[in-house]
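Chain letters run A, B, ... following the sequence lines, proteins first, then strands; residues in each count from 1. Source: prediction; values computed, not measured.
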Amino acid sequence: MGTTEGTYDFGRIERKWQAYWDEHKSFRAVDCDASKPKYYVLDMFPYPSGQGLHVGHPEGYTATDIVARYKRMKGFNVLHPFGWDAFGLPAEQHAIKTGTHPEETTNQNIANMKRQTKALGFSYDWDREIATTDPEYYHWTQWIFLKLFNCFFDEGQQKARPIEELPIPEGLSDDQRRRYIDDRRLAYQADVPVNWCPALGTVLANEEVVGGVSERGGHPVIRRPMRQWMLRITRYAERLLDDLKEVDWSESIKKLQVDWIGRSVGAEVCFRIDGRDDNLWVFTTRPDTLFGATYMVVAPEHPLVDAIVADGQRAAVKAYCEAAARKSDLDRTDLAKDKTGVFTGAYAVNPVNETRIPIWISDYVLISYGTGAIMAVPAHDDRDFEFATKFELPIIQVVQPPSCEDAERVARGELCFTGDGTAINSGPFDGLPTPEFKERITAWLAERGLGKRAVNYKLRDWLFSRQRYWGEPFPILHLPDGQIMGLAESDLPLRLPELDDYKPLGTGEPPLAKATDWIDVTMPDGSTARRETNTMPQWAGSCWYYLRYLDPRNSERGWDPAKERYWMPVDLYIGGAEHAVLHLLYSRFWHKFLYDLGYVTTKEPFKKLVNQGMILGEDGQKMSKSRGNVVNPDQVVTDYGADSMRLYEMFMGPLEAMKPWSMQGVQGVHRFLQKTWRLVVDEETGRFSVNVRPVPPEEETLRLLHQTIKKVGDDIESFGFNTAISAMMILVNHLGRLEVRPKSVLESLLLVLAPFAPHIAEELWQRLGHAQSLAYEPWPTYEKDLIKDSQIELAVQVNGKIRDRIVVPAEAGDEDIKAQALGCDRVVEALAGKTPKKVIVIKSRLVNIVV
RNA sequence: GCCGGAGUGGCGGAAUUGGCAGACGCGCGGGAUUCAAAAUCCCGUCCUGGCAACAGGGUGAGGGUUCGAGUCCCUCCUCCGGCACCA
């Protein structure tokens with residue numbers, strides 16, 4: 001390569017400025033600086049994987065970095081931190097295979113990814129770096145868990161309160177009293193069905209079970225109830241839903257959360273069981289179809305099954321329930337196409353008309369939703385319709401659809417109608433429109449004690465324990481008498497013990513059960529308590545990390561209240577859409593809980609949220625090792641530099657869109673940076689270009705500069721980074737054509753370029769004679785008047801077709817424009833003597849002559 | 001199946017939100033420079049016809065509203081994402 005003195009040596013420049021920023025701690029955020037408005041820009045922190053950084057990571061990081069640098073120049077006190085979501089399965093699996101402590105693997109991976117991240121020149125305040133695996137960090141994860149354990153949810157006040165304030169009914173025994181309290185904690189234990197793989201000796205996450213067998217090894221997986229820690233997120237369902245109003249997120253992400261929470265309003269209705277002193281409660285959103293209920297269905301796990309089943313049906317029911325228990329959730333849904341079920345031999349009595357209807361068992365009814373039982377209205381529910389058709393159960397129409405055609409087919413039992421209509425075959429309620437009927441019947445049932453209004457959520461309580469080693473230990477002790485006790489806050493952090501090997505025991509007990517010294521704890525009374533051996537899921541650490549950044553080295557508390565008041569909420573949060581539901585929901589839940597206790601002062605943690613789109617390989621396919629289309633960020637930085645990498649990531653297309661990588665595209669933006677370089681530096685000599693002079697710019701250059709300043713600023717504010725870059729390209733192309741380049745214009749250009757390509761901008765800024773970094777230079781301003789062209793070209797249309805163009809002064813009036821347009825030769829020709837009916841003048845756009 | 005989002009040149013993508021479709025970049029063609037190449041610079045590049053001026057067509061398909069539609073409305077097709085018996 002014929003490198004001369006002055007070529008754009010990005011490698012040298014980037015190392016130089018990264019060292020400079022480090023040394024000067026240029027991006028240190030100052031806590032509680034009242035002299036400036038604050039701005040908190042957050043990236044979703046990554047899992048430190050052995051694969052290192054992926055080109056998808058820097059997409060979001062570059063976007064937030066541009067905003068962070070821009071806001072600093074706009075005079076904000078910016079908090080822009082980074083850290084590691086470092087607990088997780090891969091390090092543990094590596095430990096099982098090789099015996100290497102997960103901590104060692106994790107630290108190596110962090111070191112490597114930190115090197116890669118720093119090479120991109122992001123303006124993070126590295127003094128605030130955190131890792132969730134650090135005991136100084138998980139100390140406070142455990143602390144929050146303890147708070148959850150030590151609180152209950154007050155339904156009346158709709159907020160969490162300390163467990164000591166829980167009103168306890170009179171006359172309970174010690175044991176009952178304890179159980180009463182434990183049942184109301186926000187962190188509680190329950191027996192819940194989990195995916196148990198006997199061959200692997202471990203519990204698997206839903207994602208690790210494919211088609212009823214383990215993803216690794218293909219061993220059978222069964223559903224088995226096990227004692228698990230749960231968090232009562234469902235109590236916050238209403239607030240998680242309501243407060244979405246307060247947040248500036250895309251409608252689609254909000255909708256994802258709304259659907260996940262899945263609120264539905266209806267009624268619980270009581271059916272008497274014929275011949276027994278028992279009731280069967282069902283939940284329905286369509287109490288208006290009660291007269292059309294022709295049978296009932298209970299889930300196989302329903303507690304009433306055993307009691308109600310008729311002797312003749314006992315064998316069949318038992319077989320069915322056992323088969324259902326063996327199926328995983330996935331199997332159950334896979335079989336959705338073909339409904340199964342058995343008759344119990346028992347009957348229920350419909351409270352509205354005393355009709356006797358059969359009770360069936362089917363796994364299309366879920367024990368975990370509503371009451372685990374339904375009334376089946378086959379004429380107006382798709383699932384019931386399918387079931388009734390298969391088992392030849394009666395179908396009774398009780399809603400008349402608005403369309404006559406549909407009405408006839410529903411009446412004949414050929415069509416299932418689930419929409420709103422008018423009641424028929426419903427006794428005294430006939431003729432009522434669906435919404436009104438719902439209200440009337442709910443009130444009618446309530447008066448008679450046969451039902452009540454009810455709200456149900458799809459959202460379930462959060463299964464919070466994992467049978468793993470590499471996670472936060474629970475700060476919990478199990479006493480010999482079966483009581484559970486939280487550790488004292490002063491005993492935190494509870495550190496993970498060292499283990500010789502990390503393999504699961506094979507009994508369903510977590511690896512921590514092997515740490516015998518650690519498990520047994522001698523109590524003050526001499527008895528021996530056992531520590532909890534489950535660990536927390538990876539979500540735990542990521543639920544609150546944005547708070548630890550506020551005060552990352554505080555050993556007295558999780559964060560300082562004054563700092564929380566100053567920095568919160570997060571003004572901008574960028575990350576992958578894969579976290580649109582769970583991470584954001586869990587974080588919001590913890591935040592609201594902390595809000596209830598007064599530890600945070602905002603209802604919501606993340607004000608503005610943006611999801612970056614996925615980056616595909618050059619072949620348009622998802623990047624993967626097996627396809628061989630993975631782009632290595634290190635290679636791009638080596639070949640083209642961090643500034644080119646950053647710029648390309650933003651130039652590819654809209655931030656939120658999915659888009660394919662192109663190395664040639666990287667070259668394109670790289671050429672743009674070289675052109676920019678040559679505007680200032682003479683490549684031959686390496687010295688300042690003789691064409692750069694301290695002269696005032698001509699009108700055209702000045703106008704273009706001001707247009708660019710406006711465009712780039714506006715585009716950063718609206719996350720249109722790709723169009724901001726194209727605007728800068730236009731300006732650079734223009735300046736490259738000039739014989740003499742005004743220094744002041746170059747300076748402004750470098751300032752607007754700086755957030756995108758900070759290294760080259762700093763270097764050229766210095767070469768233009770500035771001793772100070774440009775990181776805190778004020779963002780250039782533009783003047784409205786200078787943006788406007790003095791002459792405007794307008795298209796002249798005749799009947800919507802362009803026939804000519806005219807040039808008019810910017811301040812020309814409509815009448816003048818009209819006259820000039822009508823006078824054009826080609827317009828006169830196109831009019832062919834006809835008189836215009838109407839002439840539409842759109843200032844600065846076009847003229848349309850209608851004939 | 002249901003719910004979102006998107007379909008624009010050879011490619012990635014622009015289009016002041018109803019006003020000149022294709023900015024900017026890539027690629028491609030031609031030229032300048034060079035002993036030659038790389039790099040760089042200039043010109044061209046939606047399609048069709050024409051040497052050209054120009055004419056006609058054109059934003060997944062079809063219809064509609066409007067002086068005017070990539071943009072709004074209806075029907076359909078394709079791709080992507082989410083949910084998947086939640087009563």
Determine, stepwise, if the pair A:Asp338 / A:Lys390 fulfils salt bridge (Lys or Arg N to Asp or Glu O under 4.0 Å).
CA-CA 9 Å; A:Asp338 193 23; A:Lys390 179 165 174 190; 3.2 Å; yes
Apply salt bridge (Lys or Arg N to Asp or Glu O under 4.0 Å) to A:Asp789 and A:Arg703, showing your working.
CA-CA 8 Å; A:Asp789 298 70; A:Arg703 183 164 57 237; 3.3 Å; yes
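For B:G68, the base is anti relative to its sugar; the glycosidic angle deviates from 0 by more than 90°. For B:U33, the base adopts the anti conformation, since its glycosidic angle falls more than 90 degrees from zero.
Between B:C20, B:C67, B:U40, one nucleotide has an atom nearer to the side chain of A:Arg671 than all others, and that is B:U40. Taking only side-chain atoms of A:Tyr369, from C-beta outward, the nucleotide of B:G19, B:A87, B:C83 with the closest atom is B:A87. Checked against B:A55, B:C85, B:C67, the side chain of A:Asp363 finds its nearest nucleotide in B:C85. Distances from the side chain of A:Gln797 to the nucleotides B:G25, B:A14, B:C20 place B:C20 closest. Residue A:Leu846 places its side chain closer to B:G19 than to any other of B:A87, B:G25, B:G19. With B:C24, B:A87, B:C85 as the choices, the nucleotide that has an atom nearest any side-chain atom of A:Lys339 turns out to be B:C85. Relative to the side chain of A:Arg826, the nucleotides B:C26, B:A55, B:C24 differ in distance, and B:A55 lies closest.
B:C3 and B:G64 have their P atoms separated by 27 Å, given to the nearest Å. The same atom, P, is picked in B:A21 and in B:C46; the two are 14 Å apart, to the nearest Å. A distance of about 26 Å separates the P atoms of B:G1 and B:C72, rounded to the whole Å. Of the C1' atoms belonging to B:G60 and B:U45, the separation is 24 Å, rounded to the nearest Å.
Note: CG (A:Asn848) to C1' (B:A69) measures 13 Å, nearest angstrom. A straight line from CG of A:Asn733 to P of B:U40 spans 13 Å, rounded to a whole angstrom. Rounded to whole Å, the distance from CG on A:Leu647 to P on B:C26 is 12 Å. When the P atom of B:G82 is taken as reference, atom CD of A:Glu578 falls 10 Å away, rounded to whole Å. For the pair A:Trp661 CH2 and B:G25 C1', the interatomic distance rounds to 14 Å; values are reported in whole Å. In this entry the distance linking CD of A:Gln707 with P of B:C24 reads 13 Å, nearest Å. Note: CG (A:Leu616) to P (B:C80) measures 11 Å, nearest angstrom. Rounded to whole Å, the distance from CE on A:Met652 to P on B:A14 is 12 Å.
Residue A:Ile802 is classed as a sugar-phosphate contact, given heavy-atom separations below 4.0 Å to backbone atoms only. Using a 4.0 Å heavy-atom cutoff across all strands shown, A:Leu256 reaches sugar-phosphate atoms only and no base atom. Within the 4.0 angstrom heavy-atom criterion, no nucleotide atom of any strand lies near A:Ser362. Among the protein residues, A:Lys659 comes within range of the sugar-phosphate backbone only, with heavy atoms under 4.0 Å from sugar or phosphate atoms but none that close to a base.
Between A:His583 and A:His579, the ring planes are perpendicular. Angles over 60° get that label, and only those under 30° would be called parallel.
A sub-4.0 Å separation between OP1 or OP2 of B:A14 and a side-chain N or O of A:Asn722 is present. Between A:Lys801 and B:C54 there is no side-chain N or O to OP1 or OP2 distance below 4.0 Å. Phosphate contact (OP1/OP2 of B:A39, side-chain N/O of A:Arg678, threshold under 4.0 Å): absent. Look at A:Ser252 and you won't find any side-chain N or O under 4.0 angstrom from OP1 or OP2 of B:G82.
Using a cut-off of 4.0 Å between Lys/Arg side-chain N and Asp/Glu carboxylate O, A:Glu268 and A:Arg453 are scored as not salt-bridged. Salt-bridge annotation for A:Asp619 and A:Arg627: absent, with no side-chain N of the basic residue lying under 4.0 Å from a carboxylate O of the acidic one. At a threshold of 4.0 Å, the pair A:Glu649-A:Arg646 does not count as salt-bridged, since none of the basic side-chain nitrogens sits closer than that to a carboxylate oxygen.
Nucleotide B:G19 forms a Watson-Crick or G-U wobble pair with B:C67, both donor-acceptor distances falling under 3.5 Å. Within the shown strands, B:G5 is the pairing partner of B:C79 under the Watson-Crick or G-U definition, both distances less than 3.5 Å. Nucleotide B:C41 is matched to B:G31 when pairs are restricted to Watson-Crick or G-U wobble geometry with both distances under 3.5 angstrom. Searching all strands for a Watson-Crick or G-U wobble partner of B:U48 with both distances below 3.5 Å returns B:A55. The nucleotide B:C26 finds its pairing partner in B:G10, both defining distances of the Watson-Crick or G-U wobble pair being shorter than 3.5 Å.
In terms of polar N and O atoms assigned as donor or acceptor, the side chain of A:Lys255 never comes within less than 3.5 Å of the base of B:C3 in a complementary pairing.
You'll find the ring centres of A:Phe387 and A:Trp360 inside the 6.0 Å limit. Ring-centre distance between A:His670 and A:Tyr8: below the 6.0 Å cut-off.
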